[in-house]
Amino acid sequence: MCGIGGWIGSQDDGDTVADRMRQALHHRGPDGYGVRSFPSATLIHTRLSIIDLSESGAQPMANEAGTIWTAFNGEIYNHRELRNDLERKGHHFRGHSDSEVIPHLYEELGPGFVERLRGMFAIAIYDARAQTLLLARDRFGIKPLFYALTKTRLAFASELRALRCVKDIDTRPNRQAIYDSAALFYVPAPETFYQGICALQAGEILEASLMRDGAIFCKTRRYWRGVIAPNQSLSLSEAVDQAEGLLTAAVQRQLESEVHLGSLLSGGIDSSLVSAAAQQALQGTLQTYNVRFFDRKFDETAAALAVAQHIGSRHVTLDMDEGQGTWEHVVDLLTHAGQPFADTSLFGVNAVCRLMRTHVTVALSGDGGDEAFGGYDIYWRLARIAQMQHFPAVMWEVSALALDRLAKLTVLPTYLPARFRAIAQGDDTQVVQGLFTFVQEEELRGLCLDYQKMLPIRRFFEPQWEHCLPRKTDRVERLSALATEANVRMMLANDFLFKVDLASMKESLEVRVPMLDEELFSFGLTLPHRLKVKGRECKQVLRKVAARQLPRMIAEKPKRGFGVPVDRWVNAEFRSCVRETLLGSSSRLPELFRPEGYESIVEAFCSGRPDGRFSRSAIFRRTIFLLSIHLHLEGAGSVS
């Protein structure tokens with residue numbers, strides 16, 4: 001695990017720029033660094049040593065001839081098999097790190113090498129023979145990678161903050177990205193907050209060539225797209241057996257480490273299954289960790305302790321006390337993100353990562369299980385929506401009018417009638433968009449100054465994957481396939497995995513996600529909806545696996561997100577600073593948003609009084625989003 005950066009093309013004062021980028025990436029790799037400069041390119045690497053701790057594992061590294069160089073962030077879990085194949089073909093290796101297979105595999109296969117990799121990765125390869133740069137990102141977007149293209153240079157980095165060290169990049173705020181993030185609470189790739197910077201998408205390759213006239217020619221392509229092909233002949237018992245075997249193998253593959261390893265144990269099914277498999281493979285030496293919240297609605301410590309006792313792990317609990325969240329701490333995390341981000345579980349994930357880093361360098365996580373195996377409440381709601389849409393249109397309109405009256409009396413949130421109508425009258429894409437969008441069209445219209453000029457949010461929810469469904473597939477199966485794609489392609493890549501990388505690498509901690517093992521995840525995509533949901537209980541297959549391995553209370557417990565009660569976690573000074581920053585005369589928000597669209601939300605958060613239009617969590621998430629926007633406007637160019 002590490003940080004990478006660099007460029008191809010012309011760059012004035014290259015040594016100084018490279019040093020600034022290296023310093024900006026130091027937290028990702030505090031154990032060492034390397035900079036390799038060529039006449040027309042530079043590769044930068046900061047190292048967090050995990051496998052092959054010797055100098056032979058240092059990067060950037062090359063093939064035997066020194067013609068192909070790589071800077072790599074992540075882990076390749078099948079590197080031993082790849083190494084054996086390459087050695088049979090005559091390749092020679094200096095050390096035993098997973099990184100070293102990359103330049104050799106590229107030399108053998110060219111850009112197609114990436115399809116042979118299993119793992120999490122962001123890779124840069126410079127081919128000195130052809131003066132080309134290749135960037136690649138893993139299938140799910142576990143590891144981030146950003147780039148900025150000008151006529152004579154393409155620069156890249158693991159983090160936006162490092163890329164901003166490069167001169168002449170257009171850092172004016174991207175209005176479209178801000179609008180999109182106002183609906184989603186994250187910036188969806190390939191957009192970023194900055195007009196001149198893009199995010200390489202999950203499962204994507206970028207190839208850049210330096211032309212004779214000094215110009216950069218650049219193209220991107222997707223090397224992986226999900227395939228959803230429900231196997232209707234699969235029985236529940238068969239699915240449980242296959243999932244259990246694949247999960248055990250996935251965890252074992254991801255345990256290789258020459259430094260201490262532990263597991264994030266939230267108490268949920270996924271992290272508990274990962275921890276149980278790791279404990280068995282490590283023969284009883286696993287350390288597990290969780291966060292305890294003062295607000296019982298958010299706390300799962302009892303479940304985490306039950307699992308730890310059941311599997312026999314050495315468990316540590318971190319307390320997140322009321323009033324502990326300071327202005328300085330929250331601002332530091334939000335600005336470290338490099339662009340607006342409003343998933344407030346970031347604060348809890350970062351807290352447990354900071355604790356774990358005092359004991360271990362590598363952590364296992366349960367992220368990814370809900371996405372392939374149907375773990376969220378939206379999956380049982382799909383059947384209800386499909387049934388309700390059969391009702392006569394007049395019934396929907398009468399119900400919507402009744403909701404309008406209740407919303408005006410602040411008995412219900414004001415956005416609910418609009419969402420109700422959208423679901424009642426919507427096609428498949430509109431239904432899924434409504435389920436995965438935090439702020440709906442009506443609220444966006446009242447908030448965003450440039451609403452009429454913006455591209456619709458719907459464009460992100462049009463299907464891009466291959467859906468292998470029979471022509472007569474029922475509505476619920478179609479909706480389930482679309483929801484799975486949106487879950488993985490949008491929320492997992494741009495929100496959940498971005499958050500985990502941000503929270504962990506800030507503390508120099510590597511987090512691995514066995515649930516996103518390629519074989520295990522592909523199997524999850526073959527599950528028909530009936531094997532995901534039974535009544536209102538989701539994630540049937542993994543629940544059955546849990547029933548074999550874990551206490552009954554864990555296998556049967558309802559899904560609970562890893563939320564943080566921000567409104568009670570932050571202290572009084574934080575509330576005061578939020579009011580002054582967002583509602584005061586120096587606020588940058590009026591450059592993009594109508595004050596009447598957000599002032600009452602901020603005031604409700606700061607005063608602690610309820611707002612009849614929104615739930616408690618909706619208020620603090622909106623407030624954190626607005627604060628994040630303001631902070632990044634402060635650090636960017638003028639809004640144009």
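From a predicted model like this one, the values you see are computed outputs, not experimental measurements. In what follows, residues are counted from 1 in the order of the sequence shown.
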Exercise for the section: Return yes if some donor-acceptor pair links the side-chain N/O of Thr335 with the main-chain N/O of Asp332 below 3.5 Å, else return no. Expected result: yes
Handout entry: Side-chain donor or acceptor of Asp138 paired with backbone N/O of Phe121 under 3.5 Å
Key = yes
Exercise for the section: Tell me, yes or no, whether the heavy-atom count around Glu580 atom CD, taken from other residues, nucleotides or ligands under 6.0 Å, exceeds 12. Expected result: no
Practice task
To the nearest 0.5 Å, tell me how far Asp270 CG sits from Leu264 CG.
Solution key: 12.5 Å
Fill in the blank from the handout: Between the CD atom in Gln339 and the CZ atom in Arg161, the distance rounded to the nearest 0.5 Å is 13.0 Å
Completion exercise
Correct closest heavy-atom pair for Met490 and Pro188 would be CE-CB, 3.9 Å
Problem - His27 vs Glu507, side chain to side chain donor-acceptor pair (under 3.5 Å): CA-CA, chis, key distance, verdict - result: CA-CA 7 Å; His27 57 281; Glu507 310 303 330; over 6 Å; no
Practice task
Mark yes or no for whether Ser365, through its side chain, and Val511, through its backbone, hold a donor-acceptor pair below 3.5 Å.
Solution key: no
Problem - For His630, all residues meeting ring-ring contact (aromatic ring centres under 6.0 Å, His included), sequence neighbours excluded - result: none
Can you give me every donor-acceptor pair (side chain of residues 373-385, partner residue at least two apart or in another chain, under 3.5 Å) with its distance?
{"residue": "Tyr376", "atom": "OH", "partner": "Glu371", "partner atom": "OE2", "Å": "2.8"}
{"residue": "Tyr379", "atom": "OH", "partner": "Asn487", "partner atom": "OD1", "Å": "3.0"}
{"residue": "Trp380", "atom": "NE1", "partner": "Asp377", "partner atom": "O", "Å": "3.4"}

Problem - Main-chain N/O of Ala618 paired to Ser615 side chain as donor or acceptor, under 3.5 Å - result: yes
Fill in the blank from the handout: Sorted by chain and residue number, the ring-ring contact (aromatic ring centres under 6.0 Å, His included) partners of Phe146 (sequence neighbours excluded) come out as none
Exercise for the section: Give a yes/no verdict on a cation-pi contact between Arg172 and Tyr194, requiring under 6.0 Å between NZ or CZ and the six-membered ring centre and an angle within 45° of the axis. Expected result: no
Problem - Between CG on residue Asp343 and CG on residue Asp495, distance to nearest 0.5 Å - result: 4.0 Å
Problem - Interatomic distance, Ile178 atom CD1 to Leu633 atom CG [nearest 0.5 angstrom] - result: 5.5 Å
Practice task
Check whether the ring centres of Phe521 and Phe140 lie less than 6.0 Å apart, and answer yes or no.
Solution key: yes
Practice task
Look at the rings of Phe593 and Tyr598 and say which category their plane angle falls in: under 30° parallel, 30 to 60° tilted, over 60° perpendicular.
Solution key: perpendicular
Exercise for the section: Answer yes or no: is there an ion pair linking Lys534 with Glu537, defined by an N-O contact shorter than 4.0 Å? Expected result: no
Handout entry: Expected output: side-chain Asp450 to main-chain Lys453 donor-acceptor under 3.5 Å
Key = no
Practice task
Please answer whether the main-chain N or O of Thr171 pairs with a side-chain N or O of Gln195 as donor and acceptor at a distance below 3.5 Å.
Solution key: no
Fill in the blank from the handout: Taking every heavy atom of Tyr451 against every heavy atom of Arg445, the minimum-distance pair comes out as OH-NH2, 3.4 Å
Handout entry: Test log, rule side-chain contact (heavy atoms from CB on, under 4.5 Å), inputs Val570 and Gln324
Key = CA-CA 6 Å; Val570 297; Gln324 192 179 59; over 6 Å; no
Exercise for the section: Decide, yes or no, whether a salt bridge links Lys506 with Asp501 under the criterion of side-chain N to carboxylate O below 4.0 Å. Expected result: no
Practice task
Mark yes or no for whether Arg137, through its side chain, and Ala122, through its backbone, hold a donor-acceptor pair below 3.5 Å.
Solution key: no
Practice task
Just do the side-chain contact (heavy atoms from CB on, under 4.5 Å) check on Ser266 and Asn290 with the steps written out, would you?
Solution key: CA-CA 5 Å; Ser266 68; Asn290 86 295; 5.8 Å; no
Handout entry: Given Leu589, Leu592, Leu631, the one that forms side chain to side chain contact (heavy atoms under 4.5 Å, CB included) with Leu626
Key = Leu589
Problem - Qualifying residues under ring-ring contact (aromatic ring centres under 6.0 Å, His included), relative to Phe347, sequence neighbours excluded - result: Trp569
Exercise for the section: Please check if the side chain of Glu477 supplies one atom and the backbone of His529 the other of a donor-acceptor pair under 3.5 Å. Expected result: yes
Practice task
Before giving the answer on side-chain contact (heavy atoms from CB on, under 4.5 Å), spell out for Phe605 and Val602 the whole-Å C-alpha distance, their side-chain angles and the decisive distance to 0.1 Å.
Solution key: CA-CA 5 Å; Phe605 173 83; Val602 176; 5.7 Å; no
Handout entry: Shortest non-hydrogen separation from His632 to Leu334 and the atoms involved
Key = CE1-O, 3.1 Å
Problem - Centroid-centroid distance, Phe341 to Phe498, less than 6.0 Å - result: yes
Handout entry: Contact summary for Leu184 and Phe436, nearest pair of heavy atoms
Key = CD2-O, 4.0 Å
Handout entry: Donor-acceptor pair between Arg579 and Ser607 side chains, under 3.5 angstrom
Key = no
Problem - Presence of salt bridge, Arg478 and Asp428, under 4.0 angstrom - result: yes
Problem - Residues Asp427, Arg458: salt bridge by 4.0 Å N-O rule - result: yes
Handout entry: Gap separating the CZ atom of Phe460 from the CG atom of Leu455, nearest 0.5 angstrom
Key = 8.0 Å
Fill in the blank from the handout: To the nearest 0.5 Å, atom CZ of Arg594 lies from atom CG of Leu447 at 8.0 Å
Exercise for the section: Report yes or no: does Thr623 contribute a side-chain atom to a donor-acceptor pair with the main-chain N or O of Ile619 at less than 3.5 Å? Expected result: yes
Problem - Arg622 bridged to Glu443 by N-O distance under 4.0 Å - result: yes
Problem - Salt bridge Glu466-Arg225, side-chain N to carboxylate O under 4.0 Å - result: no
Handout entry: Close side-chain approach of Val227 and Leu525, heavy atoms under 4.5 Å
Key = no
Handout entry: Closest approach of Ala202 to Gly141 (non-hydrogen atoms, all atoms of both residues)
Key = CB-N, 3.4 Å
Practice task
Using a strict cut-off of less than 4.0 Å between a Lys/Arg side-chain nitrogen and an Asp/Glu carboxylate oxygen, indicate whether Glu300 and Lys557 qualify as a salt bridge.
Solution key: yes
Practice task
Go through the steps for Thr581 and Ser587 under the test side-chain contact (heavy atoms from CB on, under 4.5 Å), then give the verdict.
Solution key: CA-CA 6 Å; Thr581 300; Ser587 173; over 6 Å; no
Handout entry: Aromatic Phe438 / basic Arg621 pairing, under 6.0 angstrom, 45° off normal
Key = yes
Exercise for the section: Might you point out which heavy atoms bring Lys143 and Met120 nearest each other, and give the distance in Å? Expected result: CG-C, 4.0 Å
Exercise for the section: Could you pull out all residues at least two apart from Phe625 that satisfy ring-ring contact (aromatic ring centres under 6.0 Å, His included)? Expected result: Phe185
Completion exercise
Those residues at least two apart in sequence (or on a different chain) that pass side-chain contact (heavy atoms from CB on, under 4.5 Å) with Ala189 are Ala199, Gln201, Asn494
Practice task
Output yes when Glu204 and Arg221 qualify as a salt bridge under the 4.0 Å nitrogen-oxygen rule, no when they do not.
Solution key: no
Problem - Main-chain N/O of Ile624 paired to Ser628 side chain as donor or acceptor, under 3.5 Å - result: no
